[in-house]
Protein chains: 2
Amino acid sequence: MWDADTVTTPPPGLRERKKQATREALRRAALRLAVERGPDQVRVEDIAEAAGVSPRTYNNYFASREQAIVSAVTADREARIAAAVAARPAGVRLTDAVTEAVVEQYTDTGERAHEALLLITTRTALRDAFLDTTADIEPPLTAVIAERLGDAGAHTARVLAASVAAAVRIALEGWLRPTGNAGTAGRSGAGELVLPSGSLPDRLRAALAPLAPAFDAAEQRTRP
Amino acid sequence: MWDADTVTTPPPGLRERKKQATREALRRAALRLAVERGPDQVRVEDIAEAAGVSPRTYNNYFASREQAIVSAVTADREARIAAAVAARPAGVRLTDAVTEAVVEQYTDTGERAHEALLLITTRTALRDAFLDTTADIEPPLTAVIAERLGDAGAHTARVLAASVAAAVRIALEGWLRPTGNAGTAGRSGAGELVLPSGSLPDRLRAALAPLAPAFDAAEQRTRP
DNA sequence: ACGCAAACTTGCGTGCACGCAGTTTCCTTG
DNA sequence: CAAGGAAACTGCGTGCACGCAAGTTTGCGT
């Protein structure tokens, strides 16, 4: 039996590789077509054809048309965030490890991805699909946080990971929406311009900051 | 001008009342038909017909077939939770106010609703729709929390509310899934039986507990 | 009291998600 | 190495979400 050191390294297997190749082909086809013709002029049938599979197969891989386009940008961000957290030395505060890992993985999105982001912002359906990908970081984050907290804090880890995902989503929402803040606060009355239009890293840090006390408390409970 | 005491009391307006009546009719029709024939034997067309509107109108009110059925159970839970929080005296810890309000509103679901919950648990599509309703509590919660924290903690309130929603969702997920815990922890190794099968209130409190330090810190920052 | 503008409803058409069953491809066990 | 079995791809059919462009109702201003 192979070494079970890392989580995601079973024997590659020819079958699985073809599967990932197909997935990647769909990603690329979806993004390329969306850029070429505009997002609304791309049907699932077109993407499938460009990737060389049947339309039916397409949504064995993606649940919606938008997911394929967006996944070309998000790729395997979840795994990278989890790895980035695990890579931090065990001495640093868990809060800082998570925050820095998130900021790091959301800012270096690459030059090409930034081009695609402009495309995404133009269509609300794509924006929503993009925002939904923040939920994907939850399981890997749960795993690495649980590792630091020990088995006693298993479901604490789950809650913290979900909270991080929620905070990231909020940061992204605000970032993607320079104008038009609809129905958020109840009756805050006067000022609504809490953050004029900060950069993405700033927004991420600001959104994660309120969770720091919860992380600290959870972390200290494991080392009295 | 009318009294602007509570958040949701603009002038009723005859137009709005008919709208709510239609919504309620759809809710009831959806639930009744789902109970009578089983959830899978109910088409949108049937619900619309039973409520006396066209199928097209149906999804001006509900985005999916499942939402109509589920909303008969969830009703206006969001508003009730927010009201329950606001009703607590200003002296108690914000954490406790929120936790108790959530527990209160999720446990007294009523006798009839419990019958419907059994129906919901039988179909994963309905379960998912039910879990998605937890996101609805986020905006009202943001409002009441922001009210306590003052305008300085506006986006802190947003993050906390989202975290609460996430925690509630986790609690409900675990509660609705007595068996079969799929792909949550990374490699926690031995014990996975963190909570054998606690009651819903217990699960809610357990899920919200890790957030308490964050609430306390935010609250204290407003009163030095 | 009357008409106007906005909002709600409706029919129609298109594209899509997904279950089902048959076929092909790959991995594993004897 | 061969056969069994599982997983993935595919065609087909059904129901649904949603944009668009009328038609209809409600409520308000003059």
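None of these values were measured; they are calculated from a predicted model. Within every chain, numbering begins at 1; the chains are lettered A, B, ... in the order of the sequence lines, protein sequences first and strands thereafter.
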Can you tell me how far [atom2] of [Y] sits from [atom1] of [X], rounded to the nearest 0.5 angstrom?
X	Y	atom1	atom2	value
A:L26	A:T57	CG	OG1	8.5 Å
A:H155	A:L149	NE2	CG	11.0 Å
B:Y58	B:R65	OH	CZ	8.0 Å
A:L33	A:D46	CG	CG	6.5 Å

Rounded interatomic separation in angstrom, taking [atom1] from [X] and [atom2] from [N]:
X	N	atom1	atom2	answer
A:L26	D:dA8	CG	C1'	14 Å
A:K19	C:dC27	NZ	C1'	14 Å
A:E66	C:dG15	CD	P	14 Å
A:N59	D:dC9	CG	C1'	12 Å
B:N60	D:dT24	CG	P	18 Å
A:E49	D:dG11	CD	P	12 Å
A:R123	D:dC18	CZ	P	17 Å
A:Y58	C:dC18	OH	C1'	14 Å

Nearest to the side chain of A:S64, which nucleotide is it out of C:dA17, C:dT9, D:dA17?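 The answer is C:dA17, which lies nearest to the side chain.
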Is [X] near enough to [N] that one of its side-chain N or O atoms lies under 4.0 angstrom from OP1 or OP2?
X	N	answer
B:K18	C:dC8	no
A:Y61	D:dC9	yes
A:T57	D:dC9	no

Of residues 36-44 of chain A, the positions that come close to DNA chain D - non-hydrogen atoms, cut-off under 4.0 Å: none
Under 4.0 Å between a side-chain nitrogen and a carboxylate oxygen: does that hold for A:R123 and A:D40? yes
Matching residue for B:V98 among B:V164, B:V103, B:L160 - test: side-chain contact (heavy atoms from CB on, under 4.5 Å):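 By the side-chain contact (heavy atoms from CB on, under 4.5 Å) criterion, B:V98 pairs with just one of B:V164, B:V103, B:L160: B:V164.
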What about B:R56, does its side chain sit under 3.5 Å from the base of D:dG19 through a donor-acceptor pair? yes
Give the intermediate values and the outcome of side-chain hydrogen bond (donor to acceptor under 3.5 Å, both in side chains) for residues A:T133 and A:D136. CA-CA 5 Å; A:T133 62; A:D136 297 343; 5.3 Å; no
